There are 2 protein chains.
Amino acid sequence: MVDWDLGRLRVLHELAERRTLGAVAAALGYTPSAISQQLATLEREVGQPLTEKAGRGVRLTEAGRILAERAGVLLAGAEAAAAELASLSGEVRGTVRAGGLQSATRHLLIPVLEQLQREQDGLRLELTDLELEQALPELRLGSLDLVISDEYDGHPRPRPAALRYEVIHDEPLRLVLPADHPRAAGGGPVPLELLREDVWVAAAAGTGHHASVVATCRAVGGFDPDLRHRSNDADVQVELVRSAGAVALMPVLALPAADPALAVRDVAGAAVRRRLVLLTRDAPPGPALAAVLAALAERARRLARA
Amino acid sequence: MVDWDLGRLRVLHELAERRTLGAVAAALGYTPSAISQQLATLEREVGQPLTEKAGRGVRLTEAGRILAERAGVLLAGAEAAAAELASLSGEVRGTVRAGGLQSATRHLLIPVLEQLQREQDGLRLELTDLELEQALPELRLGSLDLVISDEYDGHPRPRPAALRYEVIHDEPLRLVLPADHPRAAGGGPVPLELLREDVWVAAAAGTGHHASVVATCRAVGGFDPDLRHRSNDADVQVELVRSAGAVALMPVLALPAADPALAVRDVAGAAVRRRLVLLTRDAPPGPALAAVLAALAERARRLARA
DNA sequence: GTCAGGTCCAGTGACCATTCATAGCCCTGA
DNA sequence: TCAGGGCTATGAATGGTCACTGGACCTGAC
């Protein structure tokens with residue numbers, strides 16, 4: 001008959017994921033001191049230590065890990081109950097927090113945001129730019145409700161458990177060249193091997209884009225690209241093409257607006273593709289999230305037709 | 001991300017079972033005012049009404065019923081987590097609340113209480129005499145941890161869902177007569193039909209005991225007993241036999257200590273039996289409850305041997 | 001009318017987060 | 001090797017908030 005405080009359980013649950021009190025405090029909007037005291041009260045209630053010192057931080061004890069896991073189940077149950085009640089009322093209202101990479105945000109989330117602001121008054125959509133590595137824990141912990149990520153041919157993302165995973169868009173990568181590049185003439189597909197001497201730009205090492213560019217040049221063009229510049233920002237990549245004479249392979253959604261200084265061409269031969277992937281918690285969505293997901297799906301269909 | 005207050009959810013859950021705010025207040029140890037306010041806050045959090053007026057009381061709305069059910073799941077989860085943590089520590093400590101009918105309390109619960117008080121220091125066992133009808137909701141809602149009930153041949157108790165149900169003792173009913181009763185002579189089994197003219201005493205109409213006595217007299221003795229006195233208290237029944245010359249059919253555990261004014265005889269022919277039934281919530285017990293159940297089982301085995 | 005059940009309101013006490021200060025641990029640089 | 005600064009967690013004091021109590025009040029049933 002212990003009516004545990006779900007807030008305190010959430011603290012423990014977040015601590016299991018975020019490792020330090022400070023991170024938990026930041027995530028929940030408290031000071032570290034408050035977190036420390038909440039944990040202390042929880043330990044008093046439980047009657048056994050949940051954390052132990054580990055260097056300058058803390059580590060969960062066995063009991064702590066078990067309770068944190070249980071807490072996750074309880075919190076998910078509470079969320080499910082909230083969703084059920086919300087869909088009972090049917091009203092589309094509340095806040096939905098979305099995270100995603102740049103091009104997805106621009107072409108999917110922002111149009112959806114605009115549309116919903118017009119159509120649904122009680123709905124509030126919050127956007128955050130995040131790397132997938134940061135976004136996944138937030139999604140699992142509930143501080144994000146949906147995440148859009150990407151996935152390149154040959155470099156599948158790990159599929160984390162307890163998350164729903166749906167491909168919502170699939171598009172080719174195209175070549176971006178300076179308009180005065182010798183291979184830009186004509187306008188037809190460009191054989192990749194003709195770009196073996198060029199300077200390339202791609203995303204940072206370790207990303208799907210980077211790996212995909214290298215793999216494509218090797219497989220289709222038969223060479224290792226001189227991948228001299230690395231930026232995860234599409235605008236920076238474009239600027240390097242425009243001003244530094246580099247070449248790039250970019251997904252359609254990341255392409256710049258028509259620009260006389262740039263030429264965009266298909267790759268001759270095998271097309272490389274990337275997919276946009278929608279991640280949500282694997283639980284029935286409330287009406288607010290459902291509305292966002294529906295709008296998102298609609299938007300993705302229109303992108304595919306375009 | 002609504003961290004609902006489990007206390008408030010418990011209020012709702014209890015209300016679903018107990019129907020009136022006053023009853024909930026009494027059960028949880030608050031004033032009705034507090035309950036009313038907790039519900040009001042909960043409704044504000046949920047954003048839709050959970051109760052509606054019905055006469056001078058309240059009734060749960062659809063949303064209220066749904067949330068109450070969800071609350072039940074959450075509360076059970078919290079209890080399971082507590083049990084898991086407790087068994088992790090392995091310490092047998094805490095409070096176990098038991099309810100049961102008189103004879104079971106006297107011969108099973110009280111000896112167990114004595115034993116555990118000697119053997120287990122941190123354990124506290126609380127006993128309550130309750131009719132089964134009152135005890136079952138308490139058990140389901142968690143204000144009791146175990147209940148011992150009885151069951152007579154031919155009158156099975158309804159088996160409520162979500163409760164574990166185990167027969168822990170099985171015993172015959174025996175005849176109790178005044179020592180100077182003509183049929184008490186000898187000491188062997190007494191044919192029931194010889195008692196057709198006697199005045200009988202049994203438990204109140206509607207109980208298993210009452211029905212069982214009537215059914216036995218009809219089936220074995222071929223008569224409708226003159227069931228003049230009704231008391232659920234075994235001592236009162238015995239006193240009526242001793243002082244008013246009535247006769248009774250009593251389960252062994254309810255029999256009085258040896259008394260020269262009384263004769264105890266077997267019934268000739270088919271033996272009528274009653275069973276003691278142990279009811280617990282259908283969830284893994286913590287170490288404290290486990291210890292009580294073990295002691296109870298041991299005690300029941302010793303009763304059976306005796 | 002009277003009673004039972006529920007709600008509203010003001011007052012009070014407990015609890016909880018913040019701030020500020022302290023203590024331990026790790027890394028760095030002399 | 002040691003001193004120091006940064007990082008992390010904890011403790012004490014304070015102030016605000018929240019929730020329960022007690023009482024007045026309302027409504028519906030008998």
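In the text below, chain A, chain B and the rest are named by the order of the sequence lines, each starting its count at 1. What you see is a predicted model, and the numbers here were worked out from it, not measured in a lab. Reckoned from all heavy atoms, side chains included, excluding hydrogens, waters and symmetry mates.
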Handout entry: side-chain contact (heavy atoms from CB on, under 4.5 Å) partner of B:L21, the single match among B:V11, B:T31, B:V58
Key =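 With B:L21 as partner, side-chain contact (heavy atoms from CB on, under 4.5 Å) holds for just one option, B:V58.
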Handout entry: Member of B:L113, B:L144, B:L123, B:L116 meeting the side-chain contact (heavy atoms from CB on, under 4.5 Å) criterion with B:V96
Key =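 Single side-chain contact (heavy atoms from CB on, under 4.5 Å) partner of B:V96 among B:L113, B:L144, B:L123, B:L116: B:L123.
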Handout entry: DNA chain C: 5'-proximal contact among A:T41 and A:A54 (nearest heavy atom)
Key =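 In this pair, the answer is A:T41.
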Practice task
Please figure out whether A:K53 or A:T31 has its closest DNA chain C nucleotide nearer the 5' end.
Solution key: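 Result of the comparison: A:T31.
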Problem - OP1 or OP2 of C:dC8 under 4.0 Å from side-chain N/O of B:Q37 - result: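 No, because none of the side-chain N or O atoms of B:Q37 sits under 4.0 Å from OP1 or OP2 of C:dC8.
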Practice task
Output yes when at least one side-chain N/O atom of A:R56 is less than 4.0 Å from OP1 or OP2 of C:dC27, else no.
Solution key: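 So the side chain of A:R56 is outside the cut-off, no N or O lying under 4.0 Å from OP1 or OP2 of C:dC27.
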Please state how far atom [atom1] in [X] lies from atom [atom2] in [N], giving the value in whole angstrom units.
{"X": "B:D5", "N": "C:dC15", "atom1": "CG", "atom2": "C1'", "result": "13 Å"}
{"X": "A:E52", "N": "C:dC25", "atom1": "CD", "atom2": "C1'", "result": "16 Å"}
{"X": "B:Q38", "N": "C:dG6", "atom1": "CD", "atom2": "P", "result": "15 Å"}
{"X": "A:R59", "N": "C:dC26", "atom1": "CZ", "atom2": "C1'", "result": "15 Å"}
{"X": "A:I35", "N": "C:dT19", "atom1": "CD1", "atom2": "P", "result": "14 Å"}
{"X": "A:L42", "N": "C:dC16", "atom1": "CG", "atom2": "P", "result": "12 Å"}
{"X": "A:Y30", "N": "C:dT19", "atom1": "OH", "atom2": "P", "result": "14 Å"}

Problem - Flag for B:T41-B:Q37: side-chain donor and acceptor within less than 3.5 Å - result: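 No - no donor-acceptor pair under 3.5 Å links their side chains.
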Practice task
Establish, from distance only, whether the side-chain atoms of A:E138 and A:S143 form a donor-acceptor pair under 3.5 Å.
Solution key: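 There is such a pair (donor and acceptor under 3.5 Å, judged by atom type) between the side chains of A:E138 and A:S143.
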Practice task
State whether B:D282 and B:R164 are salt-bridged, where the test is any N-O pair (Lys NZ or Arg NE/NH1/NH2 against Asp/Glu carboxylate O) under 4.0 Å.
Solution key: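 Between B:R164 and B:D282 there is no salt bridge, as every charged N stays at least 4.0 Å from the carboxylate O atoms.
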Problem - Contact interval (first through last nucleotide) of DNA chain D with protein chain A, 4.0 Å heavy-atom - result: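 Terminal contacting nucleotides, 5' to 3': D:dG6 to D:dA12.
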Problem - Separation between OG1 of B:T207 and CG of B:L132, rounded to the nearest 0.5 Å - result: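 Interatomic distance, B:T207 OG1 to B:L132 CG, rounded to 0.5 Å: 12.0 Å.
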Practice task
Using a 4.0 Å heavy-atom cut-off across all strands, classify B:S33 as base, sugar-phosphate, or nothing.
Solution key: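 Since a base atom lies under 4.0 Å of B:S33, the category is base.
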Problem - Donor-acceptor pair, side chain of B:R157 and main chain of B:D150, under 3.5 angstrom - result: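 Indeed, once roles are kept as given, a pair shorter than 3.5 Å links the two residues.
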